[in-house]
Amino acid sequence: MSSTEEARTAIAAAIKAKKKAKKLVKKRKAMAEQPEPQSVSPEKSKKAKKEKKEKKEKKSKKEKKSKKEKKEVGDEAVAVDSHAVDKSGVTLLLFYQYVEPIWSPQRHKEALKYIQAIGEENKVGGRMRCAREGLNCTVTGTYDGVRAWIAKLKEFDPVFMQTEFKLTDGLPDGQHFPALKAFPVDELVNYGLAGAKAPPISNTATHLEPSEYHAKMAEKDTVIIDVRNYYESSIGHFKPPVSGAELIDPKMRKSTEFPVWLDKPETKEKLKNKQVLMYCTGGVRCERASALLREKLKHEDKDLNVKGVYQLQGGIHKYLDEFKDDGGFWHGKNYTFDKRFAHGAKELEEKGAVATIASCEACKKPWDRFRGKRRCPTCGVPSLVCKECLDKDASGEKKLGRDIRCKLCVEEGITHKSQVKDRDERELREYEDKLRSQGGPSYAKKDKEAEVQEENEGGGYSGVDVEPAPNPTNETRLWVGNLNARTMTVDLLFEWIPNIKFAQYLTNPDGSCRGFCFLEMRTPEDAAYVKGMEG
């Protein structure tokens with residue numbers, strides 16, 4: 001480096017050092033001019049912190065209140081900007097509510113008339129099961145109409161303030177029920193557990209939210225009971241991790257088979273030393289089923305050492321709402337009793353990625369939609385037959401014979417309807433004989449005064465405005481005709497007529513209903529009431 005370059009470097013370094021020194025002096029001067037910080041007393045410091053905390057809590061409460069108001073349905077104080085809500089399409093409402101103590105016969109009749117009237121007023125359609133023990137409803141309507149109906153229901157009885165109303169908005173217009181039918185029943189779910197046989201709902205299982213239930217399914221020494229009918233579970237069910245819970249399917253054709261299944265020794269063996277989870281479509285079937293299990297464990301089966309009984313709050317419907325991206329542990333589709341027929345997790349459906357786990361009973365190709373009116377010729381449950389096979393049957397190209405049966409009949413080797421009937425009647429008779437031998441269910445010992453009171457109130461037909469017809473020969477087997485062959489199902493028949501022991505449809509060669517059936521009623525008195533319902 002030349003002497004000239006060395007001089008320039010030295011000058012630049014000196015200038016840089018001078019600027020740095022000036023900045024330092026300026027900074028010190030500014031600090032010197034600042035006033036001394038005032039000391040804050042402990043009292044003032046504490047007060048300031050308290051004010052800050054209160055302000056934060058106030059803001060949090062305000063936000064929570066705002067969210068709650070936006071979620072409320074049926075109330076006048078719904079804080080939702082009408083311009084921000086899409087009210088187009090059909091709104092579907094699913095809910096149930098048990099009432100304890102049960103309504104009096106008079107209150108039951110009032111409820112039946114009231115829900116029908118407010119339904120017509122708000123132009124909702126659907127089906128409403130009304131029992132002395134509460135309501136179980138599936139209704140559709142407009143966005144505002146359904147919510148107005150809910151608000152009116154809350155006015156009728158405060159018990160509905162605690163109801164979980166499951167709403168689905170924006171459905172296609174074709175999914176609206178055009179007619180509204182409120183009908184009296186003995187039970188919200190027909191388990192054959194009305195009156196003295198009914199285990200108290202107050203002793204139902206512990207309700208778990210979907211995320212909690214999801215976690216339980218991954219635990220060892222756990223069993224999961226699908227409380228639905230077999231044809232429902234055939235197109236979709238939970239599939240827990242291999243290292244987690246074991247799924248148990250009772251393989252029922254109707255809910256009245258559940259108490260008998262639960263009492264079987266092989267069932268009890270599966271529950272021994274386990275924690276038990278239960279689930280169904282919306283939750284209502286689990287209420288009475290779990291209460292029955294808990295009462296039996298308390299009074300009859302203490303030695304099973306069950307670690308706990310839990311049920312899925314809101315059912316599969318709510319679970320799929322929470323796990324809408326991947327379905328969680330759900331496998332297949334959820335069978336529904338509304339015009340959606342079946343559905344999977346929302347985002348999986350949008351991607352067309354919901355697994356089809358069932359197959360057509362005729363051609364065996366993957367299929368999971370119960371669309372046709374055909375029923376299994378040997379047991380009467382809905383047939384899972386694809387559109388192509390149904391079209392060929394209708395055109396005569398390839399008829400569906402009586403050998404095309406449901407998967408359960410094939411699995412059990414059932415080839416004639418009498419096999420199912422005889423077995424079910426035998427098992428039910430053995431179960432009821434056992435109950436009679438011990439003086440009724442161990443959890444439902446009624447005194448004579450209570451029995452007389454129930455008899456005076458009308459028993460199982462307290463909500464039906466009919467007089468029993470004469471039945472001098474004490475017949476229990478009835479012939480019922482003039483049924484709508486296109487819309488009538490075994491499930492509907494059991495819902496509309498209390499205390500059916502067994503129903504046998506007369507079918508065409510293709511398995512479709514011919515419009516009439518034979519009914520076996522539980523008692524001659526029940527048969528007399530049904531005869532009184534003619535017309």
Side-chain angles (χ1 to χ4, degrees), residues 190 192 225-237 247-262 264 266-267 332-333 335 337 341-342 356-390 392-393 398-431 483 485 488-494 500-514 516-520:
N190 187 27
I225 300 176
D226 189 336
V227 190
R228 302 172 302 155
N229 296 321
Y230 179 74
Y231 66 87
E232 299 172 67
S233 63
S234 69
I235 67 168
H237 49 257
L247 178 66
I248 301 177
D249 187 350
K251 297 185 178 181
M252 302 179 292
R253 290 176 172 85
K254 53 186 183 295
S255 295
T256 48
E257 297 172 22
F258 182 78
V260 176
W261 174 83
L262 194 61
K264 291 181 177 180
E266 54 267 36
T267 301
K333 288 184 180 176
Y335 181 97
F337 293 91
F341 302 108
T356 300
I357 67 171
S359 60
C360 171
E361 293 166 7
C363 69
K364 309 305 178 186
K365 79 173 185 181
W367 189 257
D368 59 9
R369 286 179 285 176
F370 290 94
R371 286 293 187 274
K373 299 298 180 183
R374 187 181 190 275
R375 308 185 77 81
C376 176
T378 49
C379 74
V381 302
S383 286
L384 189 59
V385 179
C386 71
K387 186 178 184 302
E388 186 179 350
C389 288
L390 287 173
K392 287 181 179 179
D393 178 67
K398 188 176 181 180
K399 300 299 288 184
L400 296 170
R402 294 184 64 83
D403 60 316
I404 306 301
R405 297 162 292 152
C406 73
K407 186 178 177 181
L408 187 56
C409 279
V410 172
E411 182 182 309
E412 295 179 341
I414 302 295
T415 57
H416 194 275
K417 60 182 68 176
S418 64
Q419 291 175 270
V420 177
K421 177 189 173 184
D422 292 346
R423 184 192 64 190
D424 288 352
E425 287 186 340
R426 184 188 71 254
E427 291 182 345
L428 182 61
R429 184 168 57 250
E430 291 171 354
Y431 175 70
L483 300 174
M488 178 54 66
T489 67
V490 174
D491 290 335
L492 283 176
L493 202 64
F494 272 79
I500 296 175
K501 188 175 182 181
F502 188 83
Q504 179 182 335
Y505 270 98
L506 297 183
T507 59
N508 296 308
D510 65 352
S512 60
C513 178
R514 292 170 62 184
F516 42 88
C517 68
F518 287 104
L519 297 182
E520 182 72 34

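Computed from a predicted structure; not experimentally measured.
Without hydrogens or angle criteria, Thr378 side chain to His416 main chain gives no donor-acceptor distance under 3.5 Å. Between the side chain of Thr356 and the backbone N or O of Asp368 there is no donor-acceptor pair closer than 3.5 Å. Between the side chain of Arg374 and the backbone N or O of Ser383, no donor-acceptor pair lies under 3.5 Å. Judged by distance alone, with hydrogens and angles left aside, the side-chain atoms of Lys399 form a donor-acceptor pair with the main-chain N or O of Asp393 at under 3.5 Å. A donor-acceptor pair is defined here as one N or O able to donate and one able to accept, closer than 3.5 Å; such a pair exists between the side chain of Asp226 and the backbone of Arg228. Side-chain atoms of Glu361 never come within 3.5 Å of backbone atoms of Ile404 as a donor-acceptor pair (strictly under, hydrogens ignored).
Shown here for Cys379 and Val420, the closest heavy-atom pair between the two residues is CB-CG2, 4.1 Å. Here the closest non-hydrogen pair linking Gln419 and Gly413 is NE2-O, 3.7 Å. Here the closest non-hydrogen pair linking Val385 and Cys389 is CG1-CB, 3.6 Å. The two residues Ile235 and Ala358 make their nearest non-hydrogen contact at CG2-CB, 4.0 Å. The two residues Phe370 and Pro382 have their closest heavy-atom pair at CE2-O, 3.5 Å.
Using a 4.0 Å cut-off between charged side-chain N and carboxylate O, Glu411 and Lys251 make a salt bridge.
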Intermediate values then yes/no, side chain to side chain contact (heavy atoms under 4.5 Å, CB included), Glu427 and Glu257: CA-CA 9 Å; Glu427 291 182 345; Glu257 297 172 22; over 6 Å; no
Please report the C-alpha distance between Asp424 and Lys254 in whole Å, then the side-chain angles of each, then the deciding distance to 0.1 Å, and finally whether the salt bridge (charged side-chain N to carboxylate O under 4.0 Å, His left out) criterion is met. CA-CA 11 Å; Asp424 288 352; Lys254 53 186 183 295; 3.6 Å; yes
Start with the C-alpha distance between Leu400 and Leu390, add both sets of side-chain angles, then the distance that settles side chain to side chain contact (heavy atoms under 4.5 Å, CB included), and finish with yes or no. CA-CA 8 Å; Leu400 296 170; Leu390 287 173; 4.1 Å; yes
Please walk me through it: do Asp249 and His237 pass side chain to side chain contact (heavy atoms under 4.5 Å, CB included)? CA-CA 9 Å; Asp249 187 350; His237 49 257; over 6 Å; no
What verdict does the side chain to side chain contact (heavy atoms under 4.5 Å, CB included) test give for Asn229 and Tyr335, after you've listed the backbone C-alpha separation in whole Å, the side-chain angles of each residue and the deciding distance to 0.1 Å? CA-CA 10 Å; Asn229 296 321; Tyr335 181 97; over 6 Å; no
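For the atom pair OG1 (Thr415) and CZ (Arg402), the distance works out to 10.0 Å, reported to the nearest 0.5 Å. Here the SG atom belonging to Cys376 is positioned 10.0 Å from the NZ atom belonging to Lys417, to the nearest 0.5 angstrom. Atoms OH and NZ, from Tyr431 and Lys264 in turn, are 12.5 Å apart once rounded to the nearest 0.5 Å. Between atom NZ of residue Lys373 and atom CZ of residue Arg375 there is a gap of 9.5 Å, rounded to the nearest 0.5 Å. Distance check, rounded to the nearest 0.5 Å: SG of Cys406 to CD of Glu412 gives 8.0 Å.
In this structure, Lys387 places its NZ atom where only 12 or fewer heavy-atom neighbours from other residues, nucleotides or ligands lie under 6.0 Å away.
Applying the salt bridge (Lys or Arg N to Asp or Glu O under 4.0 Å) test between Glu388 and each of Lys365, Arg369, Lys398 identifies Lys365 as the sole match. Exactly one of Tyr231, Tyr230, Phe258 qualifies for a side-chain contact (heavy atoms from CB on, under 4.5 Å) with Met252. That residue is Phe258.
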